[in-house]
Amino acid sequence: MTRRATLAGISAGLLLLGCSVGAPTKSEPRPESAPVSATSADATTTAEAIGLLRGGTAFVNQTSYRSDVDIASQVTSLSHTDNVHKRLTAKVAAPDGAIEIRMIDDEVYMKTSLFRGVGNGWMVLDPARVPSDFALSFAPGKNDSGGSGRLIDAIVTARADGPEISGTIDATRIAAGNGISFRPGPGGVFPDSARRHAFRASLDTEGRLVSFLMPEASGLPNASLRYSDFGTTVTVARPPGAVAAPDTLYPQLGLGGGK
């Protein structure tokens with residue numbers, strides 16, 4: 001994976017990770033249409049499971065939490081987020097370097113070794129100059145360091161068995177944002193099987209989403225999202241000696257950024 005493939009950008013004040021999909025595989029045969037009654041039952045089952053998943057992410061706006069993202073053990077991120085008190089620390093590691101983010105209220109600090117001509121010290125970002133796909137915010141709907149909402153939006157089928165939920169997800173529909181993200185391979189297309197990629201998720205005893213896993217298959221690497229440490233205090237220190245980010249940084253942010 002190249003640097004552009006592994007680091008797609010930063011969104012919602014948190015780290016967006018992306019990974020290119022391998023060469024397209026042969027198209028798999030399309031399943032025959034299911035009877036209307038079966039289709040209706042599947043839709044109801046899926047809607048109920050998705051409802052559990054959406055309810056399981058309500059904690060994002062209610063308490064502090066930790067989120068961990070791992071893509072093929074090549075790109076990882078660790079974030080501690082408190083949207084109530086507007087505090088965040090986040091780190092991403094990729095084969096070619098790393099990024100660290102600190103947020104305190106409306107202040108955004110960044111240190112990185114992934115961009116050209118910006119040095120490796122702490123910088124203060126000007127929110128007005130940050131590209132839209134690098135949207136830094138504690139606002140509801142944009143403040144999930146794990147990016148679970150984008151995954152849930154791309155679910156095709158799902159079934160709940162107690163706290164365990166499994167089904168298929170359309171990896172081509174996972175929108176850009178923080179967390180797990182995939183890009184098509186060299187041909188600019190995803191294999192057909194990526195549209196019905198397996199996933200499994202787990203809820204804890206309080207109904208909170210604690211894991212969302214996608215196994216390696218059909219040219220996609222394995223990817224995982226985990227939440228933990230609910231209610232833990234998130235302490236963020238302003239980095240000493242931070243300087244205003246240079247003009248050369250902003251064009252490199254977002255989905256087209258990187259070396």
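Note that the structure is a prediction, hence the values are computed from the model and not measured. Residue indices begin at 1 and follow the sequence shown.
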Answer yes or no: is there a donor N or O on one side and an acceptor on the other, between the side chain of [X] and the main chain of [Y], under 3.5 Å?
{"X": "Arg116", "Y": "Gln252", "value": "no"}
{"X": "Thr168", "Y": "Val156", "value": "no"}
{"X": "Asp70", "Y": "Ser73", "value": "yes"}
{"X": "Ser211", "Y": "Ala201", "value": "no"}
{"X": "His197", "Y": "Thr172", "value": "no"}

Exercise. Ile165 and Leu203: side chain to side chain contact (heavy atoms under 4.5 Å, CB included), yes or no, with the steps?
Worked result: CA-CA 8 Å; Ile165 298 170; Leu203 308 177; 4.2 Å; yes
Are the side chains of [Y] and [X] in contact, using a 4.5 Å heavy-atom criterion?
{"X": "Ile180", "Y": "Leu151", "answer": "yes"}
{"X": "Leu125", "Y": "Leu253", "answer": "yes"}
{"X": "Trp122", "Y": "Val243", "answer": "no"}
{"X": "Ile169", "Y": "Ile174", "answer": "yes"}
{"X": "Phe59", "Y": "Asn83", "answer": "no"}
{"X": "His80", "Y": "Tyr65", "answer": "no"}
{"X": "Val108", "Y": "Val124", "answer": "no"}
{"X": "Thr112", "Y": "Val118", "answer": "yes"}

Suppose the criterion is salt bridge (Lys or Arg N to Asp or Glu O under 4.0 Å): which pairs have a residue in [range], not counting sequence neighbours?
{"range": "residues 52-64", "result": "Arg54-Asp153"}
{"range": "residues 60-69", "result": "Arg66-Asp68"}
{"range": "residues 235-253", "result": "Glu107-Arg238, Arg129-Asp247"}

For this session: Using the test ring-ring contact (aromatic ring centres under 6.0 Å, His included), find all partners of Tyr109 that sit at least two apart in sequence or belong to another chain.
Result: none
Please round to the nearest 0.5 Å and tell me the distance separating atom [atom1] of [X] and atom [atom2] of [Y].
{"X": "Asp82", "Y": "Thr63", "atom1": "CG", "atom2": "OG1", "value": "7.0 Å"}
{"X": "Ser224", "Y": "Arg200", "atom1": "OG", "atom2": "CZ", "value": "9.5 Å"}
{"X": "Leu213", "Y": "Ser166", "atom1": "CG", "atom2": "OG", "value": "11.5 Å"}
{"X": "Asp96", "Y": "Gln74", "atom1": "CG", "atom2": "CD", "value": "10.0 Å"}
{"X": "Ser181", "Y": "Arg183", "atom1": "OG", "atom2": "CZ", "value": "7.5 Å"}

Shortest non-hydrogen contact from [X] to [Y]?
{"X": "Ile152", "Y": "Thr57", "value": "CD1-CG2, 4.1 Å"}
{"X": "Asn143", "Y": "Asn61", "value": "ND2-OD1, 2.9 Å"}
{"X": "Gly117", "Y": "Thr248", "value": "O-OG1, 3.1 Å"}
{"X": "Ala90", "Y": "Ser79", "value": "CB-OG, 3.3 Å"}
{"X": "Phe138", "Y": "Lys86", "value": "CZ-C, 3.3 Å"}
{"X": "Leu220", "Y": "Ala171", "value": "CD2-CB, 3.4 Å"}

For this session: Determine, step by step, whether Arg87 and Asp105 satisfy the salt bridge (charged side-chain N to carboxylate O under 4.0 Å, His left out) criterion, reporting the C-alpha distance in whole Å, the side-chain angles of both residues, the deciding distance to 0.1 Å, and the verdict.
Result: CA-CA 7 Å; Arg87 297 290 187 271; Asp105 298 323; 3.2 Å; yes
Problem set entry | Residue pair Glu100, Met110: steps toward the side chain to side chain contact (heavy atoms under 4.5 Å, CB included) verdict | CA-CA 6 Å; Glu100 185 172 352; Met110 184 174 77; over 6 Å; no
Exercise. With a cut-off of 6.0 Å (strictly less than), are more than 12 heavy atoms of other residues, nucleotides or ligands near CG of Asn222?
Worked result: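 Atom CG in Asn222 is packed in, count exceeds 12.
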Exercise. Under the salt bridge (charged side-chain N to carboxylate O under 4.0 Å, His left out) test, which residues partner Arg208, sequence neighbours left out?
Worked result: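 If we apply the salt bridge (charged side-chain N to carboxylate O under 4.0 Å, His left out) test to Arg208, skipping adjacent residues, the hits are Asp204, Glu206.
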Exercise. Looking at residues at least two apart in the chain, or sitting in another chain, which of them share a salt bridge (charged side-chain N to carboxylate O under 4.0 Å, His left out) with Arg226?
Worked result: none
For this session: Decide whether Phe230 and Leu225 are clustered together by the hydrophobic rule: side chain heavy atoms of Ile, Leu, Val, Met, Phe, Trp, Tyr closer than 4.5 Å, transitively.
Result: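 Looking at the clustering, Leu225 is in the same group as Phe230.
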For this session: Please test Thr81 against Ser145 for side chain to side chain donor-acceptor pair (under 3.5 Å), starting from the C-alpha separation and ending with a verdict.
Result: CA-CA 7 Å; Thr81 308; Ser145 57; 3.2 Å; yes
For this session: Could you please spell out the steps behind the side chain to side chain contact (heavy atoms under 4.5 Å, CB included) verdict for Thr157 and Ile155?
Result: CA-CA 6 Å; Thr157 63; Ile155 289 175; 5.8 Å; no
Problem set entry | Ser64 vs Val84, side chain to side chain contact (heavy atoms under 4.5 Å, CB included): CA-CA, chis, key distance, verdict | CA-CA 8 Å; Ser64 60; Val84 176; over 6 Å; no
Exercise. Does Phe212 have its ring centroid less than 6.0 Å away from the ring centroid of Tyr227?
Worked result: no
